[in-house]
Peer 1: 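Once you've had a glance at the structure underneath, I'll fire off some questions.
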Amino acid sequence: MGQTTAEKIFAAHLRDEPFPGTRVLDIDRVLCHEITTPVAIADLEARGKDRVFDNTRIKAVIDHVTPAKDSKTALQAKMLRDWARRHDIKDFFDVGRNGVCHAIFPEKGYIRPGFTVIMGDSHTCTHGAFGAFAAGVGTTDLEVGMLKGVCAFREPKSIRVNLNGALSNGVYAKDVILYVIGQLGVNGATDRVIEFHGPVVAAMDMDARMTLCNMAIEAGGTSGICQPDMVTVDYLWPFIQGEFASKEAALNEYSTWCADADAAYDKLFDFDISKIGPQCTYNYKPDCVKPVTEMVGTRVDQIYIGSCTNGRIEDLRQAAAILKGRKIADSVRGIVSPATPVIFKQAMDEGVLDIFMDAGFCVTNPTCGACLGMSNGVLAEGEACASTTNRNFAGRMGKGGMVHLMSPASAAAAAITGAITDPRDY
Amino acid sequence: MKKVFGGPAIVLDRSDINTDEIIPAKYLTEVTKEALQPYILEDLSLGDFDPKGALLKNATVVVSRENFGCGSSREHAPWVFEVNDIHTIIAESYARIFRQNMFNCGMLAIELPKADIEKIIALEARGALQVAVDLPAQTVTVTAGSAQETFSFEISPFDKALVEAGGWVEFADARY
């Protein structure tokens, strides 16, 4: 019997099986941010165990509220900063060099096919785009990860999602994943890995694959996983060229993590993506998904383009293509947050930020901020936001606010009219 | 430290209660568990549910439906229960990260089939719910007025070991 990608990764990282069905894995990357890590740091200190298992495999960033908005967030940042310095964690990104965790860590080349990755953040599943097993965990799992370099999981069962056909005009990775979540339901993949296959994924660049895997958690999935291929190798090449004689050699090695043809899946879904148009959410659960065409005219007060889901350069380019030469409606505020300083600068150099600013957008620094209603664009009660983020829970972006999740192109179209709009009209 | 399980229960009769409802993100700027205490279930959308009400204040057990604790990985969700002395949750199913966070803190996230949850919710009509947990026997006994019913639950040996050890840090520190 063949193996899924997750089964191969688990087998290669198995440290212990303390009980049947429980796999304790060695972890290649323990990622940290300032919201969920400080309590772990304080607990380790209180236990007299202020140590780290390997300061080269731990990466840290201040991203959720940055620069600090008040004394409390300043303290969280300080606790992470002091800890990183104390343990000589070189890959620590502070104000000015910091970006949204699931954008900046891949950008630095830290995630490789076959890796195990944990972080105290549910959207850690993003990194499965590289053919890694990447799971969001709580602070206690993170704490043990920091101290011991291990994490426990149940046996990995996988759901195979075949994305057949091709993306139509105006349809992006965000539309695909919203559609998939709508089909699977918010707990359709609980305790499962979602393994993405098919020509639609094969044709996606890494930015799009990260968008796809980012929202696996919204269907309950432990990790999203794409199959490593030459697109993966091309993205990683600047970081791995010293390790391989050629890209083909890298591909040969990375391909060993691809699922076997006879791997066993818990469930199998085939979706004809050619048939779907732009998608967006209604109501307060991420599986409440409709075609944008059925939501056209729904009023919004704010447009938010950014986050670990859709704050990468491709996302900004897609929105800018629609905004170019146009103004946003008087009735809305537009906010764009490039997810990392590199993306920010790239968008600046390409003139993408000029387009946003000329259209009337506010350009903010890289941060998670508004996505979870912490800073930089919190909604007032009764307001609605067309957002490229990942969660439309009641109150997520501000108490009493409504969030409509959609692609950057759809969000840009909504900015122009002040209501949900089919991006294919532009 | 080992937790106390069972006691007076409150029913949160809805599926998909998410971590933003359990503890809104604006309170994630706290760096101690104790500071979260006043904000429990502050944003829960559930009829006339009152997060400051006596029923929640007295409860040490929460009973709910499917996919409890979905959304964020924030352990602040189990912590806000922990610092309000709620160490037992009984639901049809959980989001993975929330469930693991509960066991990692040495607390109980008990899964019961839909039919059993329905029975417990029906018992509420008979009087205030009182839950007794027998972890070795893997049963919960629910009393309401003169009515009483016992339900068996499954728990993985690993999760049981975490509860017995007092949590994952204790377990992992002793073993790795």
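Each chain gets a letter, A, B and so on, in the order its sequence line appears, and its residues count up from 1.
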Peer 1: Counting only heavy atoms not in B:Glu34 (residues, nucleotides, ligands), do more than 12 fall under 6.0 Å from its CD?
Peer 2: yes

Peer 1: Taking C-beta and beyond as the side chain, do A:Asp141 and B:Gln100 meet within less than 4.5 Å on heavy atoms?
Peer 2: yes

Peer 1: Let me know if B:Asn104 has heavy atoms under 4.5 Å from chain A in its side chain, its backbone, both or neither.
Peer 2: both

Peer 1: Where on A:Val378 is there a heavy atom nearer than 4.5 Å to chain B: the side chain, the backbone, both, or neither?
Peer 2: neither

Peer 1: To the nearest 0.5 Å, how far apart are CG in B:Asp20 and OH in A:Tyr284?
Peer 2: 13.0 Å

Peer 1: Check B:Glu66 against A:Asn187 and note the closest heavy-atom contact, atom names and distance.
Peer 2: OE2-ND2, 3.7 Å

Peer 1: With side-chain contact (heavy atoms from CB on, under 4.5 Å) as the criterion, how do B:Glu30 and A:Lys72 come out once you've worked through the C-alpha distance, each side chain's angles and the decisive distance to 0.1 Å?
Peer 2: CA-CA 7 Å; B:Glu30 301 295 346; A:Lys72 285 182 175 176; 2.5 Å; yes

Peer 1: Would you sort out whether A:Arg47 and B:Asp173 count as a salt bridge (Lys or Arg N to Asp or Glu O under 4.0 Å), showing the intermediate values?
Peer 2: CA-CA 11 Å; A:Arg47 290 172 189 270; B:Asp173 199 38; over 6 Å; no

Peer 1: A:Arg15, A:Lys49, A:Met119: which one forms the most heavy-atom pairs within less than 4.5 Å of chain B?
Peer 2: A:Lys49

Peer 1: Between A:Leu142 and chain B, with a heavy-atom cut-off of 4.5 Å, which part of the residue counts as in contact: side chain, backbone, both or neither?
Peer 2: neither

Peer 1: What part of A:Thr190 is in contact with chain B, defined as an atom under 4.5 angstrom from a non-hydrogen atom: side chain, backbone, both or neither?
Peer 2: side chain

Peer 1: Has the side chain of A:Lys148 got a donor or acceptor atom that lies under 3.5 Å from a matching backbone atom of B:Tyr176?
Peer 2: yes

Peer 1: Need one label for A:Thr22: side chain, backbone, both or neither, based on atoms under 4.5 Å from any heavy atom in chain B.
Peer 2: side chain

Peer 1: What part of A:Pro18 lies closer than 4.5 angstrom to a heavy atom of chain B: side chain, backbone, both or neither?
Peer 2: both

Peer 1: Applying side-chain contact (heavy atoms from CB on, under 4.5 Å) to A:Thr140 and B:Val169, what does each step give before you reach the verdict?
Peer 2: CA-CA 7 Å; A:Thr140 302; B:Val169 177; 3.7 Å; yes

Peer 1: Locate the shortest heavy-atom distance separating A:Val144 from B:Ala172; write the atom from each residue and the value.
Peer 2: CG1-CB, 3.6 Å

Peer 1: Give, as side chain, backbone, both or neither, the part of B:Ile97 having an atom under 4.5 angstrom from any heavy atom of chain A.
Peer 2: side chain

Peer 1: For chain A, which candidate among B:Ser156, B:Ala25, B:Ser45, B:Gly71 shows the most heavy-atom pairs at distances under 4.5 Å?
Peer 2: B:Gly71

Peer 1: Which bit of A:Phe153 is near chain B, if near means a heavy-atom gap under 4.5 Å: side chain, backbone, both or neither?
Peer 2: side chain

Peer 1: Do the side chains of A:Phe393 and B:Asp43 get nearer than 4.5 Å, heavy atoms only?
Peer 2: no

Peer 1: Where on A:Cys151 is there a heavy atom nearer than 4.5 Å to chain B: the side chain, the backbone, both, or neither?
Peer 2: backbone

Peer 1: Check the pair A:Arg396 / B:Glu21 against salt bridge (Lys or Arg N to Asp or Glu O under 4.0 Å), numbers first and verdict last.
Peer 2: CA-CA 9 Å; A:Arg396 169 79 175 177; B:Glu21 294 177 283; over 6 Å; no

Peer 1: Are A:Lys285 and B:Asp16 packed together at the side-chain level, in the sense that at least one heavy-atom pair is separated by less than 4.5 angstrom?
Peer 2: yes

Peer 1: Looking at B:Arg96 and A:Asp191, what are the two nearest heavy atoms and their distance?
Peer 2: CG-OD1, 3.3 Å

Peer 1: Are side-chain heavy atoms of B:Asn18 and A:Val186 found at a separation under 4.5 Å?
Peer 2: no

Peer 1: Is it the case that more than 12 heavy atoms not belonging to A:Lys157 sit under 6.0 Å from its NZ atom?
Peer 2: no

Peer 1: Which heavy atom in B:Val31 sits nearest to a heavy atom in A:Met79, and how many Å separate them?
Peer 2: CG1-SD, 3.8 Å

Peer 1: Say you draw a straight line from CZ of B:Phe158 to CD of A:Glu17; how long is it, rounded to the nearest 0.5 Å?
Peer 2: 11.5 Å

Peer 1: Who wins among A:Lys69, A:Arg154, A:Glu34 for the most heavy-atom pairs under 4.5 Å with chain B?
Peer 2: A:Arg154

Peer 1: Heavy-atom distances under 4.5 Å only: say whether B:Phe98 touches chain A with side chain, backbone, both or neither.
Peer 2: neither

Peer 1: Under a 4.5 Å heavy-atom cut-off, does chain B meet the side chain of A:Leu372, its backbone, both or neither?
Peer 2: both

Peer 1: Between A:Arg391, A:Met374, A:Glu143, which has the largest tally of heavy atom pairs under 4.5 Å with chain B?
Peer 2: A:Arg391

Peer 1: Applying side-chain contact (heavy atoms from CB on, under 4.5 Å), run through A:His123 and B:Ser73 and close with a yes or a no.
Peer 2: CA-CA 8 Å; A:His123 293 105; B:Ser73 65; over 6 Å; no

Peer 1: Taking A:Thr36's backbone N and O only, do any of them form a donor-acceptor pair with B:Arg74's side chain (distance below 3.5 Å, no angle check)?
Peer 2: no

Peer 1: Using non-hydrogen atoms and a 4.5 Å limit, figure out which bit of A:Leu75 sits close to chain B: side chain, backbone, both or neither.
Peer 2: side chain

Peer 1: What distance separates B:Lys26 NZ from A:Lys399 NZ, expressed to the nearest 0.5 Å?
Peer 2: 5.5 Å

